[in-house]
**Q** 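Dropping the structure in here first, questions after.
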Amino acid sequence: MLEGILEVIVKPQTFFRELESKPKQISLAFLVIIITGILAAIVAYFSALPTADAFPDNAIVGQISVISAPIIAIIASFVIWLIYGLLIRMGAGMDTKPWAIAAYSSAPQIIILTIAIVIAALFPVSVSPITATATDPEAFRAANTQLQHEIQSSFYGRSSQVLTYLSSLWQLLLIYLGVQAVSTRTRAIRATVIVAILAFGFLLLPWLLASV
């Protein structure tokens, strides 16, 4: 299993070219999603801690964010894998083993998420406590905006943003190489573009909403 993850990172074209002749590797692809899901949950936990710290007088809000964030991260990992597999199938066909490519293309996230966890542990985010309550919507909204700004401008926040873009680009490259190794360049480009539209749509959505 670990050998397969290492090979797809170091020698992706060889790995994907030989994947069809290795049914065991195909069956183990799902384990990559499990590992990335667990790591994503840990990152989500650290990401939720500043929000919990911002509500020192409201333990319920803090507990909800710390508990729900990892659960949502795990679910999102599986949903995104299913969607990416479907999009690869739409762009390249079922014969390319789309869900196996989608799974193994996320292998770099194991490295990226591990780095994010180390950064989160070494550089915890300090935020100002929120004293405003929901009974004052304007003040509460302003306090939440300030909270998000503090998180995003922290070393962890900026590092996470860079790592997220790096992870997405790396995954798209592996999707392209994976499809090209077992099919044609045209299919590889088509599948990669389809996935890229969705991937960067998700990444840019918060920025677009903030600018409205």
**Q** Can you list every pair that meets salt bridge (Lys or Arg N to Asp or Glu O under 4.0 Å) and has a residue in residues 158-186, with sequence neighbours left out?
**A**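 Every candidate salt bridge (Lys or Arg N to Asp or Glu O under 4.0 Å) pair involving residues 158-186 fails, so no pair, neighbours aside, qualifies.
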**Q** Starting from Ile26, can I reach Met94 by hopping between I/L/V/M/F/W/Y residues whose side chains sit under 4.5 Å apart?
**A**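 As far as the 4.5 Å side-chain criterion goes, Ile26 and Met94 are connected within one cluster.
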**Q** Kindly indicate whether the side chain of Phe78, heavy atoms from C-beta on, has any atom under 4.5 Å from the side chain of Phe30.
**A** yes
**Q** What's the shortest heavy-atom distance between Ala44 and Ala73, and which atoms?
**A**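 The pair with the smallest heavy-atom distance is CB-CB, 3.7 Å.
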**Q** I'd like to know if Ile72 and Ile75 are part of one continuous hydrophobic network [Ile/Leu/Val/Met/Phe/Trp/Tyr, side-chain heavy atoms within less than 4.5 Å].
**A** no
**Q** Grab the two heavy atoms, one from Phe16 and one from Ala181, that are nearest each other, plus how far apart they are.
**A**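 Between these two residues, the closest heavy atoms are CB-CB, 3.8 Å.
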**Q** Show the nearest heavy-atom pair for residues Gly85 and Pro98, with the distance to one decimal.
**A** O-CB, 3.3 Å
**Q** Is any side-chain heavy atom of Ile9 closer than 4.5 Å to a side-chain heavy atom of Trp170?
**A** yes
**Q** Taking C-beta and beyond as the side chain, do Ile35 and Ile5 meet within less than 4.5 Å on heavy atoms?
**A**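 The answer is yes, as the side chains (C-beta and beyond) meet within the 4.5 Å cut-off.
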**Q** With sequence neighbours excluded, what pairs up with Ser183 under the side chain to side chain contact (heavy atoms under 4.5 Å, CB included) test?
**A** Thr96, Val179, Arg187
**Q** Supply the atom-to-atom distance Leu87 CG to Ile80 CD1, rounded to the nearest 0.5 angstrom.
**A** 11.5 Å
**Q** With sequence neighbours excluded, what pairs up with Val193 under the side chain to side chain contact (heavy atoms under 4.5 Å, CB included) test?
**A** Ile189, Ile197
**Q** Decide yes or no for Thr14 and Glu7: does some side-chain heavy atom of the first lie under 4.5 Å from some side-chain heavy atom of the second?
**A** yes
**Q** Within a strict 4.5 Å, meaning less than it, do heavy atoms of the Val127 and Val125 side chains meet?
**A**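 Of all side-chain heavy-atom pairs linking Val125 with Val127, at least one is under 4.5 Å.
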**Q** Apply side chain to side chain contact (heavy atoms under 4.5 Å, CB included) to Leu173 and list each qualifying residue two or more places apart in sequence or on a separate chain.
**A**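 For Leu173, the residues satisfying side chain to side chain contact (heavy atoms under 4.5 Å, CB included) (neighbours in sequence not counted) are Leu177.
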**Q** Taking side chain to side chain donor-acceptor pair (under 3.5 Å) as the test, write out the residues that go with Gln152, two or more places apart.
**A** none
**Q** Would you say the side chain of Val195 lies within less than 4.5 Å of the side chain of Leu172, judging by non-hydrogen atoms?
**A**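 A side-chain contact under 4.5 Å exists here.
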**Q** Could you tell me which residues satisfy ring pair (Phe, Tyr, Trp, His ring centres under 6.0 Å) with Phe15, sequence neighbours excluded, listed by chain and number?
**A**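 Expected list: Tyr104.
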**Q** Quick one: list whatever passes salt bridge (charged side-chain N to carboxylate O under 4.0 Å, His left out) with Arg89, sequence neighbours left out.
**A**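 Testing Arg89 for salt bridge (charged side-chain N to carboxylate O under 4.0 Å, His left out), a comparison that skips the adjacent residues, returns none.
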**Q** Let me see the working for Trp99 and Leu82 under side chain to side chain contact (heavy atoms under 4.5 Å, CB included), right down to the final yes or no.
**A** CA-CA 7 Å; Trp99 281 278; Leu82 291 172; 4.3 Å; yes
**Q** Just so I know, are the side chains of Phe200 and Tyr165 near enough to count as touching, which here means a heavy-atom distance under 4.5 Å?
**A** yes
**Q** Under the side chain to side chain contact (heavy atoms under 4.5 Å, CB included) rule, collect the residues that match up with Leu49, sequence neighbours excluded.
**A**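 So Leu49 forms a side chain to side chain contact (heavy atoms under 4.5 Å, CB included) with Tyr45, Phe46, Val66.
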**Q** CD of Gln25 to CG of Leu31: how many Å apart, nearest 0.5 Å?
**A**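 If I round to the nearest 0.5 Å, the distance is 10.5 Å.
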**Q** May I ask you to test the Pro70-Ile42 pair for a side-chain heavy-atom distance under 4.5 Å?
**A**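 With C-beta onward as the side chain, the pair stays apart.
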**Q** Per the salt bridge (Lys or Arg N to Asp or Glu O under 4.0 Å) rule, what does the pair list look like for residues 165-177, sequence neighbours excluded?
**A** none
**Q** Can you give me the closest heavy-atom contact between Gly37 and Ile74, atom names plus distance?
**A** O-CG1, 3.5 Å
**Q** Applying the side-chain contact (heavy atoms from CB on, under 4.5 Å) criterion to Val43, which one of Ile119, Thr114, Leu163, Ile117 satisfies it?
**A** Ile117
**Q** CG/Leu169 to CG/Leu174 distance, rounded to the nearest 0.5 angstrom?
**A** 11.0 Å
**Q** Rounded at 0.5 Å granularity, tell me how far NZ in Lys11 sits from CG in Leu6.
**A** 8.5 Å
**Q** Are Val162 and Phe155 in one and the same hydrophobic cluster, where Ile, Leu, Val, Met, Phe, Trp and Tyr link if side-chain heavy atoms are under 4.5 Å apart?
**A** no
**Q** To the nearest 0.5 Å, how far apart are CG in Leu113 and OG1 in Thr36?
**A** 7.0 Å
**Q** Could you go step by step and tell me if Tyr156 and Phe123 meet the ring pair (Phe, Tyr, Trp, His ring centres under 6.0 Å) rule?
**A** CA-CA 6 Å; Tyr156 171 72; Phe123 304 95; 9.7 Å; no
**Q** With sequence neighbours excluded, tell me which residues meet side chain to side chain donor-acceptor pair (under 3.5 Å) with Gln171.
**A**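 Per chain and number, Gln171 pairs via side chain to side chain donor-acceptor pair (under 3.5 Å) with Ser105, Gln109.
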**Q** For Glu18, give me all partners under side chain to side chain donor-acceptor pair (under 3.5 Å), at least two apart in sequence or on another chain.
**A**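 Glu18 satisfies side chain to side chain donor-acceptor pair (under 3.5 Å) with Lys22 once adjacent residues are dropped.
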**Q** For residues Ile110 and Val118: do they belong to one hydrophobic cluster (side chain heavy atoms under 4.5 Å, members Ile, Leu, Val, Met, Phe, Trp, Tyr)?
**A**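 Looking at the clustering, Val118 is in the same group as Ile110.
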**Q** Any idea which heavy atoms bring Ala103 and Val32 closest together, and the distance?
**A** O-CG1, 3.4 Å
**Q** Going by the rule side chain to side chain donor-acceptor pair (under 3.5 Å), which residues pair with Tyr176 if we only count those two or more places apart in sequence or in a different chain?
**A**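 Here the qualifying residues are Gln180.
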**Q** Atom OG in Ser167, atom CD1 in Ile115: separation rounded to 0.5 Å?
**A** 10.0 Å
**Q** One pair to check against side chain to side chain contact (heavy atoms under 4.5 Å, CB included): Leu19 and Val182. What are the steps and the verdict?
**A** CA-CA 9 Å; Leu19 183 61; Val182 297; 5.8 Å; no
